[in-house]
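Note that ligands are numbered from 1 as they come in the structure, with each ligand's atoms numbered from 1 the same way.
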Amino acid sequence: MRHFLTLQDLTPDELNWVVNRAIELKRYQRQGQLHEPLKNRVLGMIFEKSSTRTRVSFEAGMAQLGGSAIFLSPRDTQLGRGEPIEDSARVLSRMVDVVMIRTFDHDTVERFAAFSQVPVINALTDDFHPCQLLADMQTFVEQRGSIQGKTVAWIGDGNNMCHSYINAARQFDFQLRIATPVGFEPATSLVAANRDRIELVSTPEQAVRGAHLVATDVWASMGQEDEQQQRQQQFANYQVSEALLDQASDDVVFMHCLPAHRGEEVNHTVLDDPRAVVWEEAENRLHAQKALLEFLLSQEE
Ligand code: CP
Ligand code: NVA
């Protein structure tokens, strides 16, 4: 039985299989070809934070694969009334075939996985967002071919998305330049473990020079709403614009996991620039997670 709590839970070969399979499943979908290997399989979806893309892509994905999904919010389950996560894991995993969790502490998904009889997928924690990286890698491969050996620039907060980009740099074998305001660098342990793949630079301009992919995310993540105003000042020089992309490689693509805040981490027009591939990236959440579900559920047979 395999879990997907970070990108490190799959080998580089397995991750590349998932990405290529996602591209294939997208083609089936486009051609209207039914593909229902998960008939009668059920996904439990625990959401302790809001979501548009993750919820809809997992729920639609399970339906398209022939299975179904159950949305579980702490507001109306015993999770919100203090039932221990370990007990919830023991109970839910006797009833469903795979569980997806979006929560705050990364420790929560690890504890759930330790007591689960079925695969557990991290659908975003404060520390990592590995499902988004599957979609981002699929999008890059579709647009530009292999990302191996390419240069990627991360602009903004050293947050969950940045951490997953660091893991992706190791697993998909690219170089990552990270530009964050002082005090918002990614976790030191992750930086130390990936010194050969990543470089911390001071300005967005330094990060994007020659980059083939530029990515950013909101300045204040879910759970950091109180810091929004202060962060707007601290991150003011870290906005992605067409002018910033002009300093990257000629064939650069721009990604954002969304939702985007125009006028903050992106200006009002860059999402409409032809170099921005954010809508394709968002759609690919569906295909990439279908491939992931297929992979995880075939491992345990
Ligand atoms: N990118 C992403 O995970 O979006 P949602 O928060 O809408 O799921
Ligand atoms: N860093 C953002 C990503 C949302 C998909 C957050 O955690 O809110």
Side-chain angles (χ1 to χ4, degrees), residues 4-7 22 43-62 69 71-74 99-109 121-140 154-168 178-181 184-187 190 213-232 234-235 238-240 254-262 264-266 271 276-290 292-293:
F4 186 62
L5 306 188
T6 74
L7 288 173
L43 166 70
M45 307 192 298
I46 299 173
F47 279 97
E48 299 195 318
K49 289 175 174 169
S50 302
S51 168
T52 296
R53 280 145 287 270
T54 305
R55 178 178 177 182
V56 176
S57 54
F58 269 113
E59 198 163 331
M62 276 307 284
F71 175 78
L72 299 160
S73 125
V99 173
M100 177 240 86
I101 308 177
R102 167 168 286 198
T103 189
F104 294 86
D105 289 345
H106 190 72
D107 178 60
T108 305
V109 294
I121 298 170
N122 173 5
L124 183 138
T125 62
D126 289 346
D127 293 341
F128 296 102
H129 197 3
C131 290
Q132 183 68 51
L133 262 290
L134 293 180
D136 288 18
M137 294 300 101
Q138 178 191 346
T139 309
F140 191 89
W154 175 263
I155 312 296
D157 196 9
N159 63 7
N160 44 13
M161 276 297 300
C162 178
H163 288 165
S164 283
Y165 261 96
I166 294 174
N167 282 343
I178 301 170
T180 70
F184 296 94
E185 295 83 3
L190 209 51
L213 164 59
V214 173
T216 192
D217 188 11
V218 291
W219 290 343
S221 285
M222 288 183 275
Q224 298 172 333
E225 288 78 8
D226 293 351
E227 299 170 31
Q228 174 72 34
Q229 280 213 319
Q230 202 189 345
R231 281 173 175 253
Q232 262 172 247
Q234 290 162 310
F235 283 76
Y238 290 77
Q239 185 181 77
V240 177
F254 171 56
M255 296 192 198
H256 187 315
C257 63
L258 306 177
H261 293 201
R262 291 174 178 80
E264 294 179 28
E265 79 278 1
V266 285
L271 295 182
V277 292
V278 295
W279 313 120
E280 204 65 25
E281 177 190 5
E283 177 189 328
N284 285 341
R285 294 292 304 279
L286 171 70
H287 310 297
Q289 288 155 202
K290 283 168 73 177
L292 176 68
L293 287 162

* Between F235 and F184, ring centroids under 6.0 Å -> yes

* To do: Report, as yes or no, whether the 6.0 Å neighbourhood of atom CD on E225 holds more than 12 heavy atoms from other residues, nucleotides or ligands.
  => yes

* Is it the case that more than 12 heavy atoms not belonging to Q230 sit under 6.0 Å from its CD atom? -> no

* Asked: Which residue pairs pass the salt bridge (Lys or Arg N to Asp or Glu O under 4.0 Å) test when at least one of the two sits in residues 121-138, sequence neighbours left out?
  -> K49-D126

* In chain order, what residues pass the side-chain contact (heavy atoms from CB on, under 4.5 Å) check against C131, with sequence neighbours excluded? -> F4, F58, I121, R285, Q289, L292

* To do: Check M45, E59, R102 against T54 for a side chain to side chain contact (heavy atoms under 4.5 Å, CB included) and give me the one that passes.
  => R102

* Exam field: side chain H163 to backbone A187, donor-acceptor pair closer than 3.5 Å -> yes

* Structure fact -> Residues with a heavy atom under 4.0 Å from ligand 1, by chain and number, are S51, T52, R53, T54, R102, H129, Q132, C257, L258, R285

Tabulating one pair per line, provide the atom names and distances (0.1 Å) for every N/O atom of ligand 2 that is less than 3.5 Å from a protein N/O atom.
| residue | atom | partner | partner atom | Å |
| --- | --- | --- | --- | --- |
| ligand 2 | 1 (N) | N159 | ND2 | 3.4 |
| ligand 2 | 1 (N) | N160 | OD1 | 2.9 |
| ligand 2 | 1 (N) | D217 | OD2 | 2.6 |
| ligand 2 | 1 (N) | S221 | OG | 2.7 |
| ligand 2 | 7 (O) | N160 | ND2 | 2.8 |
| ligand 2 | 7 (O) | S221 | OG | 3.4 |
| ligand 2 | 8 (O) | M222 | N | 2.8 |

* Asked: Strictly by modelled atom types, are H261 and E265 linked by a side-chain donor-acceptor pair under 3.5 Å?
  -> no

* To do: Using the six-membered ring wherever Trp is involved, compare the ring planes of F128 and H106 and label them parallel, tilted or perpendicular (cut-offs 30° and 60°).
  => perpendicular

